[in-house]
Protein chains: 2
Amino acid sequence: MSNAADPPPIQFGYLLKRAQHAFRTRIDDALRPLGLTAPQYAVLSAVDAIAGVSNAELARAAFVTPQAMQGVLANLERDGLLKRTAHPDHGRILRNELTAEGRQALGQARLHVQDIEGLLSQAVGQENAALFAEALARCADALTPA
Amino acid sequence: MSNAADPPPIQFGYLLKRAQHAFRTRIDDALRPLGLTAPQYAVLSAVDAIAGVSNAELARAAFVTPQAMQGVLANLERDGLLKRTAHPDHGRILRNELTAEGRQALGQARLHVQDIEGLLSQAVGQENAALFAEALARCADALTPA
DNA sequence: CATCTAATATCAGGTCCTTGATATGTCAAA
DNA sequence: TTTGACATATCAAGGACCTGATATTAGATG
């Protein structure tokens with residue numbers, strides 16, 4: 001049962017939002033001079049890791065709809081960082097690959113992003129890292145419908 | 001110094017994004033039947049807490065630009081959940097207040113959101129709650145430029 | 001009092017995300 | 001082989017965020 005000494009409930013939703021917002025803002029600020037947004041960086045990184053990956057696959061990896069991913073890809077293609085080509089065996093899938101310019105931009109951006117990831121790790125602290133990571137994963141799992 | 005037994009670096013940015021995305025999606029799903037979005041709920045809640053609050057004040061509280069907040073307020077006003085009136089003493093500030101309909105919608109929404117906050121607390125676990133909250137706050141602080 | 005600075009509101013343009021709908025391509029099963 | 005389920009791509013409309021720019025008001029400072 002409850003009593004007057006119960007601590008007030010912690011607003012984890014707010015804390016989560018604030019931390020994520022701070023991270024996102026920091027990434028955006030770091031990438032702006034390179035002409036990249038955070039989602040664009042994430043996509044370049046994924047396309048680099050999985051050459052020829054499809055739009056649908058990228059969307060699943062980023063937890064966004066295919067329509068949203070398509071918008072990001074269209075902008076990257078327009079900017080010459082990425083090119084889309086027909087899949088050799090499949091008539092519908094379009095393969096996404098980085099251009100030389102795309103690889104170059106990704107290389108630059110990666111350094112900045114790694115710095116910021118470092119700040120995050122440092123803020124968490126090595127002794128809490130594993131527990132913190134597990135708690136975040138539990139949150140995501142608990143809120144993701146089966 | 002480093003050696004081969006070093007654990008791989010944890011991608012806190014990714015974990016943060018995933019947890020926040022799951023939370024946001026869950027809230028959106030719960031509020032959709034009420035015709036509310038997550039940002040709209042947050043604003044209704046803030047306006048209820050601080051009657052007559054200005055657009056600029058709301059924007060600061062939500063970590064968004066005044067322009068972004070203005071868009072949300074415009075939609076809420078269009079839907080009759082909120083009304084904006086001139087400040088009695090200040091010629092520029094517009095006071096925001098809930099309508100009866102807005103208070104009613106907020107009441108409904110609050111129940112759903114509290115349920116989801118409860119899932120989050122449960123996922124974190126009571127024994128980790130304080131440490132987890134502190135770690136999240138440290139992350140936000142470390143990434144927020146002074 | 002005049003001016004300068006800061007706060008507030010708002011317009012315009014762009015990115016990323018959503019839901020909903022639609023067309024096309026693949027593949028398996030009837 | 002035709003049907004039907006599923007994956008993929010894409011169009012359209014709308015919400016929430018951003019940067020940049022612009023007015024207006026308030027208050028402090030010369």
Side-chain angles (χ1 to χ4, degrees), chain A residues 17-18 20-44 46 52-79 81 84-96, chain B residues 17-18 20-44 46 52-79 81 84-96:
Chain A
K17 172 183 171 180
R18 193 162 113 72
Q20 153 71 16
H21 176 264
F23 182 69
R24 165 66 187 264
T25 298
R26 194 76 175 227
I27 298 276
D28 275 333
D29 289 348
L31 298 184
R32 188 167 308 117
L34 304 177
L36 285 179
T37 65
Q40 285 172 351
Y41 167 77
V43 170
L44 290 181
V53 64
S54 72
N55 175 36
E57 225 170 325
L58 285 167
R60 281 189 294 270
F63 307 111
V64 300
T65 60
Q67 297 93 315
M69 186 54 68
Q70 199 176 28
V72 179
L73 291 174
N75 287 340
L76 287 171
E77 189 173 29
R78 177 203 60 197
D79 295 346
L81 303 182
R84 319 187 69 183
T85 56
H87 191 288
D89 303 334
H90 191 294
R92 192 106 182 100
I93 292 176
L94 293 179
R95 292 169 50 85
N96 291 282
Chain B
K17 172 183 170 180
R18 193 163 112 73
Q20 153 71 14
H21 176 265
F23 181 69
R24 165 65 187 266
T25 299
R26 194 76 175 227
I27 299 275
D28 275 333
D29 289 348
L31 297 184
R32 188 168 308 117
L34 304 178
L36 284 179
T37 65
Q40 285 172 352
Y41 167 76
V43 169
L44 289 182
V53 64
S54 73
N55 175 38
E57 226 170 324
L58 285 167
R60 282 190 294 269
F63 308 111
V64 301
T65 60
Q67 297 93 316
M69 185 54 68
Q70 199 175 29
V72 180
L73 290 174
N75 287 341
L76 287 172
E77 188 174 31
R78 177 203 60 197
D79 296 346
L81 303 182
R84 319 188 68 183
T85 56
H87 191 288
D89 304 334
H90 190 293
R92 192 107 184 101
I93 293 177
L94 294 178
R95 292 168 50 86
N96 292 282

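Numbered from 1 within each chain, the chains take letters A, B, ... in sequence-line order. What you are looking at is a predicted structure, and each value in this text was computed from that prediction instead of being measured.
- Residues A:Arg24 and A:Asp28 are paired through a salt bridge, judged by an N-O separation under 4.0 Å between the basic side chain and the carboxylate.
- In this structure, A:Arg84 does not reach the D:dT8 phosphate: none of its side-chain N or O atoms is under 4.0 Å from OP1 or OP2.
- Between the CG atom of A:Asp29 and the C1' atom of D:dT19 there is a distance of 11 Å, given to the nearest Å.
- B:Asp29 and B:Arg32 are joined by a salt bridge, as a carboxylate oxygen and a charged side-chain nitrogen come within less than 4.0 angstrom of each other.
- Between B:Asn75 and the phosphate of D:dA16, there is a side-chain N or O to OP1/OP2 separation shorter than 4.0 Å.
- Here the P atom of nucleotide D:dG15 and the CZ atom of B:Arg32 are 13 Å apart, to the nearest Å.
- The base of C:dG13 has none of its N or O atoms less than 3.5 Å from a complementary donor or acceptor on the side chain of B:Gln67.
- A straight line from CE of B:Met69 to C1' of D:dC17 spans 11 Å, rounded to a whole angstrom.
- Among the atoms of the strands shown, only primed sugar atoms or phosphate atoms (P, OP1, OP2) are found under 4.0 Å from some heavy atom of B:Gln40.
- In this structure, CD in A:Glu57 is found 7.5 Å from CD1 in A:Ile93, a value given to the nearest 0.5 Å.
- Residue A:Gln70 places at least one side-chain N or O closer than 4.0 Å to OP1 or OP2 of D:dT10.
- The CG atom of A:Leu73 sits 14 Å away from the C1' atom of C:dC17 (whole-angstrom rounding).
- Here A:Thr65 reaches the OP1 or OP2 of C:dT18: one of its side-chain N or O atoms lies under 4.0 Å away.
- Residue A:Asn55 contributes atom CG, which lies 9 Å from atom C1' of D:dT10 at whole-angstrom precision.
- Taking CG from A:Leu73 and CG from A:Leu81, the interatomic distance works out to 11.5 Å, rounded to the nearest 0.5 Å.
- If you check every strand for non-hydrogen atoms under 4.0 Å, B:Arg24 touches nothing.
- Residue whose closest nucleotide on DNA chain D sits further toward the 5' end, between A:Asn96 and A:Lys17: A:Asn96.
- The distance from atom NE2 of B:His21 to atom CZ of B:Arg18, rounded to the nearest 0.5 Å, is 10.5 Å.
- For the pair A:Gly71 and A:Arg92, both in contact range of DNA chain C, the more 5′-proximal nearest nucleotide belongs to A:Gly71.
- Checked against C:dT10, D:dT8, D:dC17, the side chain of B:Val72 finds its nearest nucleotide in D:dC17.
- Here CG of B:Leu76 is found 10.0 Å from CZ of B:Arg84. Values are rounded to the nearest 0.5 Å.
- Both A:Asp79 and B:His21 lie near DNA chain C, and the one whose nearest nucleotide falls closer to the 5' end is A:Asp79.
- Between C:dT15 and A:Thr37, no contact under 4.0 Å exists linking OP1 or OP2 to a side-chain N or O.
- Mapping A:Ser54 and B:Pro66 onto DNA chain D by nearest heavy atom places A:Ser54 closer to the 5' end of the strand.
- At a threshold of 4.0 angstrom between heavy atoms, the contacts of B:Pro39 are confined to the sugar-phosphate backbone, with no base atom among them.
- OP1 or OP2 of C:dT8 has not a single side-chain nitrogen or oxygen of B:Arg95 nearer than 4.0 Å.
- Nucleic acid contact class of A:Ala68 (heavy atoms, under 4.0 Å, all strands): base.
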